**Q** 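Pasting in a structure now, in structure tokens, and then I'll have a few things to ask.
Quick caveat, the model's predicted, so the values are computed rather than measured. So that the names make sense, note that chain A is the first sequence line, chain B the second, and so on, each numbered from 1.
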Amino acid sequence: MAQSRYNPRDRETHWQKVWADKDLFHAKDDDPGEKYYVLEMFPYPSGRIHMGHVRNYTMGDVVARYKRAMGFNVLHPMGWDSFGMPAENAAIQRGVHPREWTYANIDAMRGQLKALGLSLDWSRELATSDPEYYAQEQRLFLDFLQAGLVSRHTAKVNWDPVDQTVLANEQVIDGKGWRSGAEVEQRELTQWFLNISDMSEELLDALDGLERWPDKVRTMQRNWIGRSEGLQFKLDLVDDTNAPAGELEVFSTRHDTIFGMTFCAVSIDHPLAQQAAENDAGLAEYIEEVRRIGTTEEALEKAEKTGHALGLRVVHPFIEGKTVPVFAANFVLMSYGTGAIFGCPGHDQRDFDFCKALGIDIIPVVASADLKGEALAGYVSGYCDRDEIYDGDGVLINSEFLDGLGIPAAKEEIAKRFEAKGKGERKVNYRLRDWGVSRQRYWGCPIPVIHCPTCGVVPVPDKDLPVELPDDVTFDKPGNPLDHHPTWKHVACPKCGEAAVRETDTFDTFVDSSWYFARFCAPHADIPTVREQVDAWLPVDQYIGGIEHAILHLLYSRFFTRAMKATGHVGLDEPFAGLFTQGMVNHETYKLADGSWVMPSDVRIEGEGTARKALHVETGAPVRIGPVEKMSKSKHNTVDPEDIIGHYGADTIRWFMLSDSPPERDVQWTEAGVEGAWRFVQRLWRLVTDLAPRAGSRDAEQPATFGEDALALRRATHKALSEVSKDIEALRFNRAVAHIYEFANTLSALPENKDEDFGWALREALETLIVLFGPMMPHLGEECWKQLGASDALLTETPWPKVDAELLVEDTVTIAVQVNGKRRDELTVARDAPKEDIEAAALRLENVLRAIEGRDIKKVIVVPQRIVNVVA
RNA sequence: GCGGACGUGGUGGAACUGGUAGACACACGGGACUUAAAAUCCCGAGGGAGGUGACUCCCGUGCGGGUUCGAGUCCCGCCGUCCGCACCA
């Protein structure tokens with residue numbers, strides 16, 4: 001039969017229009033089906049979609065289409081995380097207004113996403129930079145403020161000197177700004193904070209309930225929150241004349257080692273150090289020096305441990321007459337615990353290093369329980385010469401009343417004694433800091449407060465919301481354009497009417513993305529959320545996005561949801577019931593001899609294996625093939641999805657993105673891989689057009705019985721249906737793809753059977769095949785569906801077929817026969833054959849007899865439907 | 001340093017709760033079709049040895065041990081790669 005090639009360019013736009021005209025992806029609030037909310041992390045509108053987006057949104061779309069076919073009422077929305085620095089950079093560099101730049105990008109990217117054939121509900125589209133959206137964000141913030149979930153105070157903050165803004169701790173990566181890559185400095189500024197640390201315990205505990213989250217992400221969040229249990233207690237201070245000089249409060253998780261205390265140390269920012277520095281020029285100088293070196297993480301890593309005595313001593317709480325010196329030390333952080341520690345060099349590496357450097361005593365107070373007598377004496381006397389401290393399990397030594405106790409018992413004893421004296425209490429400390437959300441930037445959501453000289457901080461009244469960004473701003477000098485604006489910030493105080501100024505800081509853009517999933521439930525409402533809608537749609541059943549948001553966005557969203565619950569905007573704690581983190585898209589990197597990067601599209605590859613060479617297309621110059629790395633603009637190893645869609649169509653790129661690599665792992669983009677996907681698109685088209693004429697009429701009744709060929713085909717059909725369904729359900733797209741290939745291979749090698757029952761089975765098989773690949777290649781699916789004349793409805797409207805479980809059960813099974821654990825033969829027996837029969841048949845096999853070689857048979861293990869193992 | 005994940009052919013990867021290792025794909029080799037190429041179709045293939053042959057044997061899931069009738073899978077100890085956190089007391 002004459003073959004026409006499937007032309008995706010033409011057909012894909014056709015089917016996209018058909019779907020749009022029928023409004024098939026509009027999520028209706030009153031649909032009777034069970035709801036299913038599938039969401040992919042919304043993009044920043046940088047201008048063009050990249051392969052990571054394609055992978056992410058394709059996965060989500062497969063789930064959405066599958067769930068829809070399963071009868072769920074699916075919510076699958078899309079929006080834009082459209083505030084942020086790049087828009088301002090464009091304004092600075094190219095003189096284009098951030099709004100114009102952003103919305104032009106959104107238009108371009110919307111078109112690209114539509115070309116992918118995603119089954120999105122565009123009626124719910126939102127952009128965080130729309131006043132419609134950020135007005136509600138301002139309402140939320142003011143509600144949080146009223147509920148005590150927000151605070152404003154000066155704090156040492158991470159200052160990005162390039163972006164000229166503050167960064168949250170989570171946005172500092174290896175001491176550098178997450179966006180600019182600049183070395184972050186420490187500055188003291190007044191900032192707005194969301195009190196996320198108040199929820200440390202809740203955020204930590206609730207991780208256990210997030211069963212459909214990757215363990216990796218839960219572990220990362222656990223570590224980030226960083227819970228540690230210990231004792232916070234006060235030690236008496238004396239000055240150099242031995243007169244009482246107040247108290248020093250410290251926190252420790254190893255208070256069992258109190259008898260090993262040989263010094264105490266405070267942060268250079270600790271009040272005690274500050275105070276002492278006033279009368280001690282040497283100390284003041286030391287503090288300055290530490291501060292200078294101490295701003296970058298890199299410096300911290302290399303810095304030797306140093307300290308400067310304060311001239312104070314701490315009285316040992318349990319050893320009569322013993323005092324130890326107090327230092328200001330460079331390794332003690334003001335931001336954790338009390339900013340002060342007691343030093344036990346015996347069992348803390350940092351304290352150990354410090355004491356070695358300063359020549360302070362080291363006393364071991366914990367030893368492994370099996371050290372006795374001489375061995376124990378050797379351990380103690382040789383301790384100072386070790387390179388590493390002992391921090392393993394053991395019993396207390398050199399510790400008077402604690403001697404012989406285990407570590408937990410010793411901790412308990414010490415805690416009790418401090419509590420009894422009223423000088424200490426058990427405390428849980430967290431590493432998690434409050435979330436600073438003030439940014440000194442223009443292109444963000446204005447923080448809706450007014451600063452009045454008499455009334456202080458005054459929330460903008462609801463009737464005056466939203467506080468809109470002014471359009472007429474300039475970017476000709478560094479700093480915040482809102483602050484430079486001649487009039488915008490000058491307003492009358494809503495309380496007293498006197499002259500006041502607006503807050504000119506805007507929100508961190510992570511605020512915008514911390515609640516958009518809730519906004520999608522009623523995206524155009526004039527209040528932040530409509531309870532009826534959020535209660536119906538939330539939580540997100542399946543959230544899909546990159547692992548890079550494991551902490552930042554996902555932790556903030558979890559906090560925000562709780563804050564929204566506290567203020568009545570939602571009714572639940574956890575926004576995302578299921579989370580999936582997809583891997584990255586990688587590509588080889590290419591460089592010319594002079595070290596400059598070359599785009600893949602400018603490289604021609606020749607040869608295979610070790611003879612594989614790359615040449616520059618334009619000049620023919622040799623190109624060095626570098627390591628496979630994440631696609632990034634800086635390495636010039638990106639491939640533009642639009643080019644691929646233009647060349648091969650959306651179905652091909654979608655199929656390739658789902659093939660081969662498990663979705664949570666990185667995938668390597670290769671030209672050969674795309675071509676393979678393209679060939680399969682054409683192959684499916686040929687398969688359906690070739691076989692369609694042999695398929696029975698769609699109106700034919702199901703035959704009462706099936707012949708051997710028809711039955712075999714039906715078994716293959718239902719096996720594929722069962723496997724692919726399970727795979728999609730578990731997001732194992734690569735396996736779903738493999739099972740579809742397998743089924744297609746079966747259909748390519750059908751027997752020449754013209755019987756009516758076979759025709760019926762063939763129609764069933766073809767319809768099933770199309771349904772199975774439909775979520776992945778929806779345009780080709782529709783086209784094949786029409787070609788087959790499957791039904792009057794679209795494939796997209798067709799329910800997922802039901803598996804006939806009886807067809808999954810084979811009558812006979814082939815099992816392996818082992819002798820002493822080595823496979824020697826196989827055996828095909830009836831599925832329900834009794835053990836004795838299987839054993840007898842196995843022992844008749846020639847290969848088995850030869851392997852036994854006349855030895856005695858000691859035992860025969862028969863696992864029906866699995867294996868036989870003869871032990872001889 | 002701490003925490004976590006992973007290690008299977010030339011390559012990406014399959015293998016459900018321990019039960020025929022290498023499904024499926026890519027790349028490759030051979031053949032058919034074609035004037036030729038592309039496309040397509042058929043065949044082959046973990047490594048090694050033996051046999052004319054349907055076949056048979058040995059080795060094989062990073063390395064070394066262990067548990068088990070049986071280990072890619074479980075346990076112990078190494079090696080390597082990747083990721084996260086990192087002076088958090």
**Q** Students often get this wrong, so: under 4.0 angstrom with heavy atoms, is A:Val332 touching a base, only sugar-phosphate, or nothing?
**A**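 The answer is base, as A:Val332 lies within the cut-off (heavy atoms under 4.0 Å) of a base atom.
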**Q** With a 4.0 Å limit, can you tell me whether A:Arg866 has a side-chain N or O closer than that to the phosphate oxygens OP1/OP2 of B:G70?
**A**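 No, A:Arg866 has no side-chain N/O under 4.0 Å of OP1/OP2 on B:G70.
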**Q** Taking atom P in both B:A27 and B:U11, what distance in whole Å separates the two?
**A**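 Approximately 15 Å lies between the P atom of B:A27 and that of B:U11.
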**Q** Can you tell me, in whole Å, how much space there is between the P of B:C57 and that of B:U40?
**A**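 Comparing P positions in B:C57 and B:U40 gives a spacing of 40 Å.
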**Q** Is the shortest side-chain N/O distance from A:Arg665 to OP1 or OP2 of B:G12 below 4.0 Å?
**A**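 For B:G12, neither OP1 nor OP2 has a side-chain N or O of A:Arg665 closer than 4.0 Å.
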**Q** Measuring only the P atom in each nucleotide, how far is B:C75 from B:G18? A whole number of Å is fine.
**A**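 Rounded to whole Å, the distance is 11 Å.
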**Q** What pairs of nitrogen or oxygen atoms, one from the protein and one from nucleotides 23-26 of chain B, lie under 3.5 Å apart?
**A**
residue : atom : partner  : partner atom : Å
B:A23   : O2'  : A:Glu742 : OE2          : 3.2
B:A25   : OP1  : A:Asn745 : ND2          : 3.2

**Q** Separation of A:Glu588 atom CD from B:U11 atom P, in whole Å?
**A**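 Spelled out: CD on A:Glu588 to P on B:U11 is 14 Å.
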**Q** Tell me: CD of A:Gln818 to P of B:C69, nearest whole Å?
**A**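 These atoms are roughly 13 Å apart.
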**Q** Nearest whole Å is fine: how far is B:C87 P from A:Ile389 CD1?
**A**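 Distance, rounded to whole Å: 17 Å.
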**Q** Taking atom P in both B:C82 and B:G31, compute the distance separating them and give it to the nearest angstrom.
**A**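 Result for the P pair: 43 Å, nearest Å.
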**Q** Which way is the base of B:G53 turned, syn or anti, if we draw the line at 90° from 0?
**A**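 Here the answer is anti: the torsion falls beyond 90° from 0.
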**Q** For each nucleotide in nucleotides 45-58 of chain B, reading 5' to 3', give B when a protein heavy atom comes within less than 4.0 Å of its base, S when such contact involves only the sugar-phosphate, and - otherwise.
**A** -----------SSS
**Q** Whole angstrom is fine here: how far is it from CG in A:Leu554 over to P in B:G84?
**A**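 Rounded to whole Å, this separation is 15 Å.
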**Q** Remember a base hit wins even if backbone is also touched, and classify A:Arg222 as base, sugar-phosphate or nothing at under 4.0 Å, heavy atoms.
**A**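 If one applies the 4.0 Å heavy-atom cut-off, A:Arg222 turns out to touch nothing in the nucleic acid.
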**Q** Could you tell me how far apart A:Gln668 (CD) and B:A27 (C1') are, to the nearest whole angstrom?
**A**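 The distance from CD of A:Gln668 to C1' of B:A27 comes to 13 Å, rounded to the nearest Å.
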**Q** Are there over 12 heavy-atom neighbours, none belonging to A:Lys234, within less than 6.0 Å of that residue's NZ?
**A**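 Atom NZ in A:Lys234 is not packed in, count stays at 12 or less.
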**Q** How does RNA chain B look in dot-bracket notation if pairs are Watson-Crick or G-U with both distances under 3.5 Å, crossing ones as [ ], other-strand ones as |?
**A** (((((((..(((......[....))).(((((.......))))).(((((....)))))..(((((..]....))))))))))))....
**Q** If I take atom CG in residue A:Leu691 and atom P in nucleotide B:C41, what distance separates them, rounded to the nearest angstrom?
**A**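 Result: 13 Å.
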**Q** Check the pair A:Lys356, A:Asp353 against salt bridge (charged side-chain N to carboxylate O under 4.0 Å, His left out), reporting the backbone distance first and the verdict last.
**A** CA-CA 5 Å; A:Lys356 280 212 157 180; A:Asp353 296 344; over 6 Å; no
